[in-house]
Amino acid sequence: MTEPEESGSKIKYRAGCRRDKNSGAQFELFDENDRTNEKIDAAKEIISREGLTLHYLKSSGEASAAVEELMKGKFPLGLDIETAKLNEFRDHKQAGLEPHLSCIRLIQLYGGGEKVYVFDMFALNVKILFPIWDKPLVAHNAVFDVKHLLHAGAKPHQIGCTMLMANALTGKLFSLADLGREHLGWRMSKTQQISDWDSPTLTQDQLEYAALDSVAVYKMFRILMDQIAKNKLIQVYTLMRDAQLAIAKMELNGIYFDLNGHQRLMATWHQAKKRSAEELLQVLGPHVNPDSSKQISSWLQTNLDKEALNEWPMTKTGQLKTDRSTLARGPHHPLTTPLQKYKDAAKMLSTFGTGYAEHINPVTGRIHAYFRLGGTATGRLSCSGPNIQNPPRDKQFRKLFSAPAGRILVVADYGQIELRVAALISGDESMLEAYANGEDLHRKTAAAIAGVPLKEVTPEQRQAAKAVNFGLLYGQGPKGLARYAKTNYGVDMSEREAVEAREAFFQTYSGLKRWQQETARKAESSKSVVTLGGRVRDFSREARGYQYTEALNTPIQGGAAEVLLATLPKLDKYLEGLDAKLVNVVHDEIVLEVAKRDAPRTKQAVEKAMIEGMLAMFPNASTVGLVEAKAGANWAEVK
DNA sequence: GGCAGCCGCGCG
DNA sequence: AAAGCGCGCGGCTGCC
């Protein structure tokens, strides 16, 4: 049998290539070694080597007996599922991964010993497995399995995940096959991953392949848990594990998106793009593609005068930079306005246009994005397919995320959570005092920089202080601060002023300064940093190695991420009995869609969960002004 | 035609 | 001494 998936030099998949999810990451996975010529074992060989027997169950009598046997097994049971596309969506790229477009074909379970069970869910009802769902289970990329099980009417209450365990240990997301190779010495075949799971009859190869994954997760759980305990990673793993159910439900819920409004908006973008393209043509001529930074750079090279070119910033490959802040700086040029207008419209159309709306699910009419636990170096979630963590703040766009008839959005966010976390982990008394008294830290910083009393701080001074707070928190230098203040806050700050602002900042927040020095010192010598929840970021595993600014950022961003993770299971619990759905999570913000009558109680529930999430990580935190929840017809209205 | 790196840009 | 961080996505470009 040929093995096309193994013939390439990189074991790397694009979305939609496969029908199960044991690659782990849906889009791309880490692959440390090139295994071009490595031998692969058929599942049959491993099964026989391990002394296992496969039991394929197609009748409810056999299945009940098997469930009874499994209930005597060792917990957590190893679990895996295979899914089949629904007929109507045979041609849909993602159908096999998406619960609304597919169904569970097989459920594989292993509880130690000789027998591994494969339940054929074309022949059986999921209810027959009901005692199992209350028991501890483990799967690889368990959120995937949980989503399908929930959709099929089963609710697994306690489920571990080998992918998240490995993430706690390494910071990365590995496929099951990679973990199997590393921890079991198994060279697992992937041939059957793309096979036809829709067929009424499955081959022995398919059944063996399916069965083996449940054995792999069972065995690996024990090995990984041992390592997690030894390395004091229980907390970071548990934070992720306990967030799984809320994430699975959120992905299954999806978020409502106003397709008609989106199409009207796209028409305005098209117009804007067309108009600015015509203006650009007058400046650039017909041979420059405005979508090409390289071509714009060449054009600038030949059309700019010497003085301008002398101080024009370059990219790392020696191109003249053409980004917004570079174009906006210095004396005005006839190119800048039309080019920026063009870029703005082009960005909307490319990233937030047709392709975005194509993610609307044909069954639910909603967007079901993928939220990846452990998807970032700091412990934040990442989101894709589409990324609904970065929709433009423009009201016209944000309001497309709305509530269907009879419903309303409840949106809650943490106020300045990273600054709060910085105050708490550094123990800086001045910052802590400000938060304890419900003071505005930006104002406090502004007063310190300007050397005036709090009451005399002007709005401009406060705006500048925001840049100072967010920049200096992560080790920004004077030059960077001046640039950052201009670009992100519209504040003109000379380098001299930036130096003075830094001095005033660190004099006021001397505890933070000490923490930064100490954190950087430890991180540099150990080549790693650790968050409060115990997530280790190992710089020696990263291409860039130790980086001062990353070392300072990680415990703060990571600490805030852990607060959110701690919040999610609490939120799920407090939403019980309410007609409320979690539909989006954006780092420090939670979006829910609720029946109108449940809005007040949902606001209370989310505020309670968020405050308790903060206190779970930081028991001494001030909760004054920590959380704000609002209700409105759409996402724009609530901001 | 596929892929990877670069650039730029949307968000927190 | 100096150093903002974290993502995902799309277009272009050069390479295979």
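From a predicted model like this one, the values you see are computed outputs, not experimental measurements. We name chains A, B, ... by the order of the sequence lines, and we start the count at 1 in each one.
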(request) Figure out the CG/P separation between A/L552 and C/dA2, and round it to whole Å. (result) 15 Å

(request) Return no unless some side-chain N or O of A/K321 is found under 4.0 Å from OP1 or OP2 of B/dC7. (result) no

(request) Assign A/T554 to base, sugar-phosphate, or nothing according to its heavy-atom contacts below 4.0 angstrom with the strands shown. (result) nothing

(request) Figure out the CZ/P separation between A/F397 and B/dC9, and round it to whole Å. (result) 18 Å

(message) Under 4.0 Å from OP1 or OP2 of C/dG14: is there any side-chain N or O of A/K294 that close?
(response) yes

(message) Do the side chains of A/E542 and A/K172 get close enough for a salt bridge, i.e. N-O under 4.0 angstrom?
(response) no

(request) Report the nucleotide, chosen from C/dG8, C/dG4, B/dG10, that has the shortest atom-to-atom distance to any side-chain atom of A/Y484. (result) C/dG4

(message) Side chains of A/Q396 and A/W269: any donor to acceptor distance under 3.5 Å?
(response) no

(message) Closest approach to the side chain of A/K347, judged atom by atom: which nucleotide of C/dG4, B/dG12, C/dG8 is it?
(response) C/dG8

(message) Can you confirm whether or not the ring centre of A/F401 sits under 6.0 Å from the ring centre of A/Y256?
(response) no

(request) Check every strand shown and say whether A/N289 touches a base, only sugar-phosphate, or nothing at a heavy-atom separation below 4.0 Å. (result) sugar-phosphate

(request) May I ask you to evaluate whether A/Q295 reaches the phosphate of C/dT13, defined as a side-chain N or O under 4.0 Å from OP1 or OP2? (result) yes

(request) Take the protein atom CD of A/E418 and the nucleotide atom C1' of C/dC7, then report the distance between them rounded to whole Å. (result) 13 Å

(message) On the nucleotide B/dG10, are OP1 or OP2 found under 4.0 Å from the side-chain N or O atoms that A/R324 carries?
(response) yes

(request) Please report, rounded to the nearest Å, how far the P atom of B/dG12 is from the CG atom of A/N553. (result) 16 Å

(request) For this output row, return yes or no: ring centroids of A/H359 and A/Y370 closer than 6.0 angstrom. (result) no

(request) Looking at every strand, decide which applies to A/E589 at a 4.0 Å heavy-atom threshold: base, sugar-phosphate, or nothing. (result) nothing

(message) What I want to find out is whether A/E637 reaches A/R398 closely enough, with some N-O distance under 4.0 Å, to be called a salt bridge.
(response) no

(request) Counting heavy atoms from C-beta on, name the nucleotide in B/dC11, B/dG12, C/dC9 closest to the side chain of A/P392. (result) B/dC11

(message) For A/E497 and A/S494, which I'm curious about, is there any donor-acceptor pair between the side chains at under 3.5 Å?
(response) yes

(message) Please tell me if A/R398 has a side-chain N or O lying less than 4.0 Å from either OP1 or OP2 of B/dC11.
(response) no

(message) Need one value for A/A377: base, sugar-phosphate or nothing, where a base atom within 4.0 Å counts as base even if backbone is also close, heavy atoms only.
(response) sugar-phosphate

(message) It should be established whether A/T315 places a side-chain nitrogen or oxygen under 4.0 Å from OP1 or OP2 of nucleotide B/dC6.
(response) no

(message) Rounded to whole Å, please give me the gap between NZ in A/K341 and C1' in B/dG8.
(response) 20 Å

(request) Using whole Å, report how far OH of A/Y356 lies from P of C/dC9. (result) 10 Å

(request) Determine, for A/R380 against A/E418, whether the closest basic-nitrogen to carboxylate-oxygen distance falls under 4.0 angstrom. (result) yes

(message) Within the 4.0 Å heavy-atom criterion, would you say A/Q557 contacts the bases, only the backbone, or no part of the nucleic acid?
(response) base

(request) Output yes when at least one side-chain N/O atom of A/T351 is less than 4.0 Å from OP1 or OP2 of B/dG10, else no. (result) no

(request) Provide, to the nearest angstrom, the distance between the CZ atom belonging to A/R502 and the P atom belonging to C/dA2. (result) 8 Å

(message) Checking base pairs now: Watson-Crick or wobble, both atom distances under 3.5 Å. What partners C/dG6?
(response) B/dC11

(message) Is there, by distance only and without an angle test, a donor paired with an acceptor across the side chain of A/N387 and the base of C/dG8 below 3.5 Å?
(response) no

(message) Taking 4.0 Å as the cut-off, does a side-chain nitrogen or oxygen of A/R537 come that near to OP1 or OP2 on C/dG6?
(response) yes

(message) Measuring from the side chain of A/T549 (C-beta onward, heavy atoms only), which nucleotide among C/dA3, C/dG8, C/dC12 has the closest atom?
(response) C/dA3

(message) Of the options C/dC12, B/dC7, B/dG10, whose atoms approach the side-chain atoms of A/D344 most closely?
(response) B/dG10

(message) By nearest heavy atom, map A/H587 and A/Y548 onto DNA chain C; which one lands nearer the 5' end?
(response) A/Y548

(request) Look at the side chain of A/N390 and decide which nucleotide, out of B/dG8, B/dC11, C/dG6, has an atom nearest to it. (result) B/dC11

(request) Looking at every strand, decide which applies to A/G480 at a 4.0 Å heavy-atom threshold: base, sugar-phosphate, or nothing. (result) sugar-phosphate

(request) Please report, rounded to the nearest Å, how far the C1' atom of C/dG4 is from the CZ atom of A/R483. (result) 10 Å

(request) Return no unless some side-chain N or O of A/S382 is found under 4.0 Å from OP1 or OP2 of C/dG8. (result) yes

(message) Counting only side-chain nitrogens and oxygens, does A/R393 get under 4.0 Å of the OP1 or OP2 atom of B/dC11?
(response) yes

